[in-house]
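From a predicted model like this one, the values you see are computed outputs, not experimental measurements. Below, chain A is the first sequence line, B the second, and so on; all start at residue 1.
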Amino acid sequence: MSGENAVILSVRGLKVRAGPRLILDGLSLEIRAGEVHAIMGPNGSGKSTLAGVLAGRPGLEVLEGSVTYLGEDLLAMPPELRARAGVFLAFQYPVEIPGVNNVYLLKAAFNAVRRHRGEPELDAFEFLGLVRGKLRQMQMSEDLLNRGVNEGFSGGEKKRNEILQMSLLEPKLALLDETDSGLDIDALRIVAEGVNALRSPERAIVMVTHYQRLLDYVVPDQVHVLAGGRIVHSGGRELALELERRGYDWLRPGTAAA
Amino acid sequence: MNAGTILERMAASHQAQAGRFAAGAPWARRRSRALARLLERGLPGRRDENWRYLDHAAIAALSFAPAPGAHVDPARLAPLLLPLPGAMRLTLIDGEFAPGLSTSGSDGVRIDDLAVLLAGDSAPELESLREPADDVDDRFALLAEAFAPGGARIRVAAGAVPAQTLYLLHVGSAAAAGMSHARLVIEVAAGATLTLVEHFVSLGQAPALSNLAADLRLGDGATLRHVRLHAQTAPVAHLETWNAELQAGSRYEQLLLVLGGQLVRSGLRLMLAGREAEARLAGLFMVDGDCQADLYTRIEHAAPMTRVAQNYRGIAAGRGQGAFNGRIIVQPSARGADAAQSSRNLLLSPQAVINARPQLEILTDDVQCRHGATIGTLDPNQFFYLLSRGIAPDAARALLTRAFCEDILAALPVPGLRAPVEELVVGRLPDRDLIRRLA
């Protein structure tokens with residue numbers, strides 16, 4: 001079905017080390033425009049490392065393999081260029097930055113991406129109108145705009161703020177790192193609606209998650225199981241449900257696959 | 001010019017300006033006594049505990065000749081002034097009261113030129129000028145006692161709440177090398193309230209030395225809001241020694257901004273003498289090039305239920321050197337005292353140095369004390385978060401550095417100071433041009 005869509009991301013034989021530990025051990029993955037992939041796996045399987053290495057998180061050392069993003073060598077690009085070129089990472093733990101105004105960051109990020117795309121920057125008035133619409137969509141209070149970035153936000157507000165940023169920046173490749181963790185059911189629904197609103201034929205979305213409950217709301221095209229630093233099993237939506245029932249043990253390397 | 005030991009040069013300098021200090025008068029006798037004590041004890045050195053971070057060699061290399069009397073054209077000062085419309089004005093030029101650039105006090109505020117007030121053969125007001133102590137903390141105050149030709153006294157009458165801010169401008173002519181000294185006495189009587197903005201500027205570019213000895217007394221229930229802004233553009237060395245005493249229920253709020261000068265040493269000894277006296281002290285120093293800032297505080301809780309909160313930030317870039325040395329002593333008599341001290345510091349280059357030294361000395365059990373000191377670089381998680389949103393690394397660094405100062409600047413009690421202070425802060429950051437573009 002997706003065969004004719006453009007490849008957004010192609011990961012080949014990726015080996016990544018964090019400090020002395022080998023975290024990703026020959027991971028391969030291909031994602032096409034319009035697709036939503038879920039990466040599931042037990043704690044410590046390397047899910048967040050995968051999201052981090054794609055966004056350019058420091059402290060991760062690529063030993064082998066390649067990552068091609070829209071035909072370009074993603075690993076050769078510094079983090080800020082990846083972001084401007086349309087890679088967005090929604091952080092598992094969004095960082096608090098007291099003293100940097102939230103709306104200021106939104107505007108700076110937005111205009112950096114627009115400039116990169118050769119689009120005109122919005123003036124302050126137009127931009128505020130745009131952000132207000134996004135705030136309503138994420139059911140966020142407007143006074144969060146003038147706080148420090150994520151400063152004093154609740155866990156749910158931080159995650160919603162990530163999706164708000166994503167929605168504003170309209171990435172080509174969205175990486176959601178455990179965006180569902182720590183959310184109550186209402187917040188989960190709001191976040192899921194935000195993600196669903198971004199589904200489009202031009203965009204690829206990768207959701208890294210431990211539990212399948214987000215997938216009740218954002219139905220993936222493919223589900224991959226990450227274990228021991230590589231993808232050990234791929235399937236459709238039903239794989240997530242099976243994982244929910246049976247856990248991850250039956251898929252660990254060295255265990256006979258069912 | 002710099003031949004001889006420091007003390008020999010001091011003595012020669014004093015001799016050379018003997019004509020300024022009317023011989024035989026009570027104040028002149030005190031000056032002579034101070035010089036004798038100074039020559040006996042010497043200036044502080046690196047071996048002295050509370051002076052170990054100061055670049056003493058830089059001070060020894062300065063000229064101790066008196067700063068040549070400078071005429072200052074008010075037109076040259078105008079562009080340097082802070083926007084404080086309607087403020088009462090007091091201007092000291094090279095430590096001396098400048099009547100033409102000072103307004104008379106109003107609303108219960110009285111401003112006096114010490115050189116006038118304390119002149120003559122009988123000087124009953126002389127006792128309001130504290131005679132510096134023998135200990136080494138007070139040694140530069142002793143130097144000022146020996147050399148200062150004058151200065152100012154500010155008195156706020158009991159219960160007075162003047163509507164206007166008092167703007168105290170310290171002008172260093174810095175036309176030529178040389179030293180200048182000033183005395184300052186600030187007395188806010190019981191129940192009175194004053195907002196004081198102190199601003200240090202320089203006109204020339206000579207490596208001058210300026211030295212201020214100041215005494216501050218707050219009566220029962222008095223309040224002083226005090227902004228102290230060091231914005232000297234000349235490569236001057238400025239030393240200051242503050243001795244403050246707070247009576248019962250009084251409140252002292254200080255915001256110290258060291259954003260200028262080649263070397264600034266700011267010492268504050270504060271005595272919480274009366275029940276429920278409170279001091280809230282905040283500060284920020286920024287040093288780059290080979291500049292130095294050395295902040296020393298010694299706070300003593302001597303009465304029950306006294307409170308102090310100290311919040312200091314330091315940023316060092318280039319080969320800048322900064323120090324915060326803060327000592328809090330809680331006497332047995334200070335039951336229910338509350339002390340909080342925080343010193344956070346940011347190093348922006350591998351050659352920059354910051355020393356942070358909190359010291360608590362607690363002599364009673366019934367007390368709440370918290371303190372913390374950090375010295376570090378920019379937070380890598382915050383940095384990566386900004387990059388991951390498409391912000392360029394230099395802009396991210398600039399934003400985070402600027403953000404580091406935010407809660408100190410947010411504490412500015414005088415509206416209208418925010419913009420000029422912000423500009424001074426940004427002007428000292430390595431990415432200043434970028435930050436201005438981003439704003």
Contact winner vs chain B - A:Val95, A:Val87, A:Leu81, A:Val100, heavy-atom pairs under 4.5 Å: A:Val95
Selection from A:Ala85, A:Gly148, A:Ala83, A:Pro94 maximising heavy-atom pairs under 4.5 Å formed with chain B: A:Ala83
Chain B contact via A:Asn101 - which portion, at a heavy-atom distance below 4.5 Å: neither
Crowding at CD, B:Gln368 (>12 non-hydrogen neighbours, <6.0 Å): no
Interatomic distance, B:Leu387 atom CG to A:Leu89 atom CG [nearest 0.5 angstrom]: 12.0 Å
Criterion side chain to side chain contact (heavy atoms under 4.5 Å, CB included) on B:Tyr385 and A:Val149, from CA distance to verdict: CA-CA 10 Å; B:Tyr385 191 80; A:Val149 173; 3.9 Å; yes
Heavy-atom pair with the smallest gap, counting every atom of A:Glu96 and B:Gln382: O-NE2, 2.9 Å
Check residues 124-135 of chain A and write down every donor-acceptor pair under 3.5 Å in which the side-chain atom is one partner and the other belongs to a residue at least two apart or another chain.
| from | atom 1 | to | atom 2 | distance (Å) |
| --- | --- | --- | --- | --- |
| A:Glu126 | OE1 | A:Asp123 | N | 3.1 |
| A:Arg132 | NE | A:Glu142 | OE1 | 2.8 |
| A:Arg132 | NE | A:Glu142 | OE2 | 3.2 |
| A:Arg132 | NH2 | A:Glu142 | OE1 | 3.4 |
| A:Lys134 | NZ | A:Ser167 | OG | 3.1 |

Between B:Ser388, B:Gly390, B:Pro380, the one whose heavy-atom pairs under 4.5 Å with chain A are most numerous: B:Gly390
Neighbours of chain A found in residues 401-425 of chain B - heavy atoms under 4.5 Å: B:Ala403, B:Glu406
Nearest heavy-atom neighbours spanning B:Phe384 and A:Ala55: CE1-O, 3.8 Å
Side chain to side chain contact (heavy atoms under 4.5 Å, CB included) between A:Ile97 and B:Leu386, worked out: CA-CA 9 Å; A:Ile97 315 183; B:Leu386 294 177; 3.8 Å; yes
Top contributor to chain B interface from A:Ala112, A:Pro78, A:Pro171, A:Pro79 [non-hydrogen pairs under 4.5 Å]: A:Pro79
Crowding at CZ, A:Arg21 (>12 non-hydrogen neighbours, <6.0 Å): no
Spatial distance of atom OH (A:Tyr93) from atom CG (B:Asn381) [nearest 0.5 Å]: 12.0 Å
Partners meeting side chain to side chain donor-acceptor pair (under 3.5 Å) with A:Ser48 (sequence neighbours left out): A:Gln92, A:Asp177
Derivation of the side chain to side chain contact (heavy atoms under 4.5 Å, CB included) call for B:Ile391 and A:Leu105: CA-CA 9 Å; B:Ile391 309 291; A:Leu105 172 62; 4.0 Å; yes
Heavy atoms of other groups near A:Arg147 CZ, more than 12 under 6.0 Å: yes
Listed once per pair and sorted, the salt bridge (Lys or Arg N to Asp or Glu O under 4.0 Å) pairs that draw on residues 66-85 of chain A, sequence neighbours left out: none
